[in-house]
Amino acid sequence: MKDIVFFPLAILVAALMIGGAMMVGSDAPKCGPVGGAGGPADYRFARVEGANLCRMEGRKGFEVNLDDDILTITAEPRPPLPDYDQNPHFVLAGDLETVYAGQILKVSVTAKPSVGAGAEAFEVLYSTGNAGGSDWRTFALQPDWETYEFTFNVPRKLLESAVAFDYLAIRPVPGEKARSLEIKDIEMRRFGAWKD
C-alpha cells in the first residue's frame with residue numbers, strides 16, 4: 001500500500017477508535033452528590049430515582065449495586081457499623097445542604113427486601129456533620145414495595161463558612177448472614193423552617 005493511502009487511512013481508523021471509546025458510557029448518568037437541579041425551582045423536594053440512584057456511595061462491609069433502576073444494598077454478616085459516612089450514603093450537594101438547613105424535612109424511602117437473603121429491617125440517617133443528625137431510624141421491611149418516612153428538623157449550620165457535607169445514609173440491618181434490601185426511590189421534601 002502506498003504511503004499516500006496508508007497514512008490517511010491509519011489516521012482515520014485511529015480517529016474512529018478514539019471517538020468510539022469516548023462515546024462508550026456517554027449516556028450514563030454523571031454520578032456524584034445529590035443536588036436539587038432536577039426538582040422544582042423553589043426546592044420543595046428532591047427526588048433520587050432510576051439511573052440517578054448511582055449516586056449512592058458504598059463502604060467496607062456493604063455492597064451497592066444498581067441494576068434496572070433498582071438499587072440493592074447488601075450488608076455482610078455483622079459488618080462494622082461505624083459513623084454515618086462509613087455506611088452506604090448519598091452526599092448532598094451544596095444547594096440542598098443550604099436550602100435544608102433549619103428546615104423541617106421529610107425523608108421517604110421506597111424499599112423492599114431482596115429476593116433470597118432479604119433484610120428484615122433497614123436503617124436511615126440524615127446527618128449534617130458537626131451540626132448534628134437525626135440518629136438512625138429503623139424500619140421493619142414489608143414483603144413488597146412500601147414507602148417508609150420520617151421527619152427531621154435539620155440543624156442550622158454552626159458557621160456559615162463551615163465546610164461540611166450533609167449525608168443521607170441507608171443500610172440493611174445485618175444478621176448472621178448477608179442481608180439485602182432494594183430501593184426504588186428516595187425523596188426529601190421540606191415543609192418550612194422549624195421553631196426553637
Side-chain angles (χ1 to χ4, degrees), residues 29 31-36 38-39 45-93 96-97 99-100 103-129 131-155 164-175 177-190:
C31 291
V34 174
F45 68 89
R47 193 170 178 83
V48 185
E49 61 187 343
N52 282 312
L53 289 166
C54 70
R55 298 174 190 282
M56 170 67 78
E57 296 182 14
R59 289 295 185 255
K60 184 176 181 183
F62 298 92
E63 181 182 323
V64 175
N65 184 43
L66 181 62
D67 189 27
D68 290 332
D69 294 340
I70 300 297
L71 178 68
T72 303
I73 304 172
T74 303
E76 293 178 356
R78 301 183 181 270
L81 299 177
D83 294 336
Y84 59 89
D85 61 340
Q86 295 303 309
N87 284 273
H89 65 271
F90 294 98
V91 176
L92 272 61
L96 291 183
E97 192 176 328
V99 169
Y100 290 164
Q103 298 286 304
I104 300 167
L105 189 70
K106 181 192 281 185
V107 176
S108 305
V109 179
T110 303
K112 71 172 186 169
S114 296
V115 175
E120 295 178 5
F122 74 104
E123 297 177 308
V124 184
L125 173 141
Y126 186 101
S127 176
T128 62
S134 67
D135 296 323
W136 288 101
R137 307 292 174 97
T138 304
F139 300 95
L141 282 162
Q142 299 302 310
D144 207 351
W145 293 112
E146 293 284 339
T147 300
Y148 304 88
E149 302 175 335
F150 73 93
T151 303
F152 173 56
N153 292 343
V154 180
F165 292 109
D166 284 13
Y167 293 88
L168 183 66
I170 304 173
R171 66 188 184 195
V173 172
K177 59 181 184 175
R179 296 287 180 200
S180 302
L181 81 144
E182 296 178 3
I183 297 173
K184 185 164 35 174
D185 62 65
I186 296 160
E187 184 180 277
M188 293 168 284
R189 185 175 292 269
R190 68 187 183 103

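The structure presented is a predicted model; accordingly, all values stated were derived computationally and were not measured. We use all heavy atoms of the structure for the numbers below, so side chains are in, but hydrogens, waters and symmetry mates are not.
Here the CD-CZ distance, from Glu57 to Phe90, works out to 9.5 Å after rounding to the nearest 0.5 Å. Rounding to the nearest 0.5 Å gives a distance of 7.0 Å between CD1 of Ile170 and CZ of Phe122. How far CG of Asp135 is from CZ of Phe152: 8.0 Å, rounded to the nearest 0.5 Å. The CZ atom of Arg179 sits 16.0 Å away from atom CD1 of Ile73, with the distance rounded to the nearest 0.5 Å. We find the CG-OH distance between Leu168 and Tyr100 to be 10.0 Å, quoted to the nearest 0.5 Å. Taken from CG in Leu125 to OG1 in Thr138, the straight-line distance is 10.5 Å, to the nearest 0.5 Å.
For the residue pair Leu53 and Ile186, the shortest heavy atom distance occurs at CD2-CD1, 4.4 Å. Listed here is the closest heavy atom pair of Gly58 and Val64: CA-CG2, 3.5 Å. Smallest separation of non-hydrogen atoms from Ala178 and Pro77: N-CG, 3.6 Å. Residue Pro113 comes nearest to Ala119 through the heavy atom pair CB-O, 3.4 Å, listed as atom of the first residue, atom of the second, then distance. Here the closest heavy-atom approach between residue Leu181 and residue Ile183 is recorded as CD1-CG1, 3.9 Å.
Glu120 CD: 12 or fewer foreign heavy atoms inside a 6.0 Å radius.
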CA sep, side-chain torsions, deciding dist, call: Leu92, Met188, side chain to side chain contact (heavy atoms under 4.5 Å, CB included): CA-CA 11 Å; Leu92 272 61; Met188 293 168 284; 4.0 Å; yes

Full working for side chain to side chain contact (heavy atoms under 4.5 Å, CB included) between Trp145 and Thr147: CA-CA 7 Å; Trp145 293 112; Thr147 300; over 6 Å; no

Full working for side chain to side chain contact (heavy atoms under 4.5 Å, CB included) between Thr72 and Asp67: CA-CA 8 Å; Thr72 303; Asp67 189 27; over 6 Å; no

Run the numbers on Asp69 and Glu49 for side chain to side chain contact (heavy atoms under 4.5 Å, CB included), then give the verdict. CA-CA 7 Å; Asp69 294 340; Glu49 61 187 343; over 6 Å; no

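With Asp185 contributing its side chain and Val48 its backbone, the two residues share no donor-acceptor pair below 3.5 Å.
For the pair Val154/Thr128, a side-chain contact is recorded, criterion being any heavy-atom separation below 4.5 Å from C-beta on. Between Val124 and Tyr148, the closest side-chain pair of non-hydrogen atoms is not below 4.5 Å. Residues Arg171 and Arg59 are not in side-chain contact: their nearest non-hydrogen atoms beyond the backbone lie 4.5 Å or more apart.
Under the salt bridge (Lys or Arg N to Asp or Glu O under 4.0 Å) test applied with Glu187, the options Arg189, Lys184, Arg190 reduce to a single match, Arg189.
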